[in-house]
Novice: 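Before I ask anything, here is the structure I am working with.
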Number of protein chains: 2
Amino acid sequence: MSNNHFKKGELYSFITGKASTAIARRLQKKFNDSGTNLTIEQWSVLYHLWKQDGVSQQELCNATFRDKPSITRLVDNLEKLNLVKRVASENDRRINKIYLTKQSQKLQEQTMDLAEETLNEALNSVPTEKIEVCKEVLQIVYDNLK
Amino acid sequence: MSNNHFKKGELYSFITGKASTAIARRLQKKFNDSGTNLTIEQWSVLYHLWKQDGVSQQELCNATFRDKPSITRLVDNLEKLNLVKRVASENDRRINKIYLTKQSQKLQEQTMDLAEETLNEALNSVPTEKIEVCKEVLQIVYDNLK
DNA sequence: GACATATAGTTGTTTATACAACTATCCAAA
DNA sequence: TTTGGATAGTTGTATAAACAACTATATGTC
């Protein structure tokens with residue numbers, strides 16, 4: 001059996017990520033409106049650092065699905081904003097360990113609330129069991145392609 | 001009942017569009033490997049022009065969910081590649097109508113095949129009915145936020 | 001017809017992504 | 001211990017997105 005369930009007219013939104021783009025834009029707007037001077041991409045790096053900081057840039061690459069130059073520049077910008085600090089590893093001098101600052105620790109609660117709010121708006125009226133199926137499918141898609 | 005089905009650890013992939021990013025990267029790789037000198041974003045504009053060309057840049061904005069400067073520059077680059085042509089409208093001189101060239105007409109079949117191939121790889125082993133649920137949820141998400 | 005307003009498109013700036021090429025450091029095998 | 005390959009990170013370049021500010025044209029109202 002073919003998996004070819006996409007008529008031409010349906011290719012588009014899957015490939016362009018229409019839904020996730022809309023979610024990201026909505027969250028960015030909430031950041032801007034609340035005076036949170038942060039891009040979604042910067043937030044996504046902080047998101048992983050809030051779970052654990054002191055990790056290498058390479059670990060941030062893996063966690064955020066970005067390449068090394070992207071992380072270099074995101075960390076550059078986060079450092080300019082005084083939200084993270086590069087600390088050279090003592091054991092391995094190739095490695096920068098990335099630490100949160102006091103300022104970025106304060107941002108966690110507020111921005112996570114806005115993120116949850118955004119997802120609740122996005123998923124308004126969608127039944128729980130359909131959300132679960134959707135999450136499952138998207139995870140398989142990712143696993144199929146990684 | 002709250003729609004708050006996202007534990008903190010699950011927020012991330014929905015907001016960042018992990019799955020659609022993976023799909024776009026895979027398709028871009030297929031374009032590159034096949035010598036198709038085209039970005040996914042340029043392709044997404046051509047995608048709508050293959051359905052109908054001679055439309056205004058504003059109509060392309062609506063169709064591709066981009067703002068006007070983004071379309072201006074995508075059309076700039078497509079024009080440099082000789083894939084589209086701007087033609088000033090006779091009725092309304094503010095409007096550029098965008099037309100496909102012979103070269104871009106040739107690209108349609110090949111790139112659509114690569115796009116379908118990509119989606120089939122992405123959705124490998126996902127049952128039809130779950131794909132349908134997923135498409136439905138993503139559409140509702142988009143409608144909820146637009 | 002004149003003017004205010006809306007619409008279509010462009011340009012400038014900042015941030016981000018992808019890829020290639022590069023430096024510095026580490027490590028393991030000869 | 002030397003050397004060659006792997007790993008961590010940076011820099012250069014092209015493309016793209018978002019936002020603000022801008023020009024040009026059209027339109028509706030007085």
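Nothing here was measured: the structure is a model prediction, and the numbers come from that model. Here is how names work: the chains are called A, B, and so on, in the same order as the sequence lines, proteins then strands, and each is numbered from 1.
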Novice: How many Å lie between CD1 on B/Ile95 and C1' on C/dT10, as a whole number?
Specialist: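 The answer, rounded to whole Å, is 15 Å.
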Novice: Would the distance check show the side chain of B/Thr111 and the main-chain N or O of B/Leu107 forming a donor-acceptor pair, the cut-off being under 3.5 Å?
Specialist: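 It does hold such a pair.
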Novice: Determine, for nucleotides 18-24 of chain C in 5'-to-3' order, which nucleotides have protein heavy atoms under 4.0 Å from the base (write B), from only the sugar-phosphate (write S), or from neither (write -).
Specialist: BBB---B
Novice: At under 4.0 Å between heavy atoms, what does A/Ile71 touch on the DNA or RNA strands: base, sugar-phosphate, or nothing?
Specialist: nothing
Novice: Could you walk me through whether A/Ser70 and A/Asp67 satisfy the side chain to side chain donor-acceptor pair (under 3.5 Å) test, starting with their C-alpha distance in whole Å, then the side-chain angles of each, then the deciding distance to 0.1 Å, before giving a yes or no?
Specialist: CA-CA 5 Å; A/Ser70 297; A/Asp67 67 359; 2.7 Å; yes
Novice: So, the side chain of B/Gln42 versus the backbone of B/Leu78: is there a donor-acceptor pair under 3.5 Å, distance only?
Specialist: no
Novice: Contact class for A/Asp76 vs. all strands (heavy atom < 4.0 Å): base, sugar-phosphate, or nothing?
Specialist: nothing
Novice: Please determine if a side-chain N or O atom of A/Arg93 lies less than 4.0 Å away from the OP1 or OP2 oxygen of D/dT7.
Specialist: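 No, no such contact exists.
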Novice: I want to check a possible cation-pi pair here: B/Lys18 against A/Tyr142, using under 6.0 Å from ring centre and within 45° of the ring axis as the test.
Specialist: yes
Novice: Among residues at least two apart in sequence or on other chains, which ones pass side chain to side chain contact (heavy atoms under 4.5 Å, CB included) with A/Thr101?
Specialist: A/Gln103, A/Ser104
Novice: Of the nucleotides D/dT10, C/dT15, D/dT15, which has the atom closest to the B/Thr39 side chain?
Specialist: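 Within the option list, the nearest is D/dT15.
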Novice: If you compare every side-chain N and O of B/Asn77 against the phosphate oxygens of D/dA14 (OP1, OP2), does one of them come in below 4.0 Å?
Specialist: no
Novice: Side-chain N or O of B/Asn96 less than 4.0 angstrom from OP1 or OP2 on C/dT10?
Specialist: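 For C/dT10, OP1/OP2 do have a side-chain N/O of B/Asn96 under 4.0 Å.
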Novice: Between A/Ile40 (CD1) and C/dA16 (P), how many Å, whole number?
Specialist: 11 Å
Novice: Roughly how many Å is it from CG in B/Leu60 to P in D/dA17, rounded to a whole number?
Specialist: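 Those two atoms, CG and P, are 13 Å apart.
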Novice: For the pair made of CD in B/Glu59 and P in C/dT7, what is the distance, rounded to whole Å?
Specialist: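 Computing the B/Glu59:CD to C/dT7:P distance gives 15 Å.
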Novice: Rounding to an integer number of Å, can you tell me how far A/Gln57 CD sits from C/dT25 P?
Specialist: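 Taking atom P of C/dT25 as the reference, CD of A/Gln57 is at 15 Å.
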Novice: Salt-bridge test for A/Asp76 and A/Lys80: reply yes if a basic N is under 4.0 Å from a carboxylate O, no otherwise.
Specialist: no
Novice: Using 4.0 Å as the upper bound for N to carboxylate O, is an ion pair formed by A/Arg86 and A/Glu79?
Specialist: yes
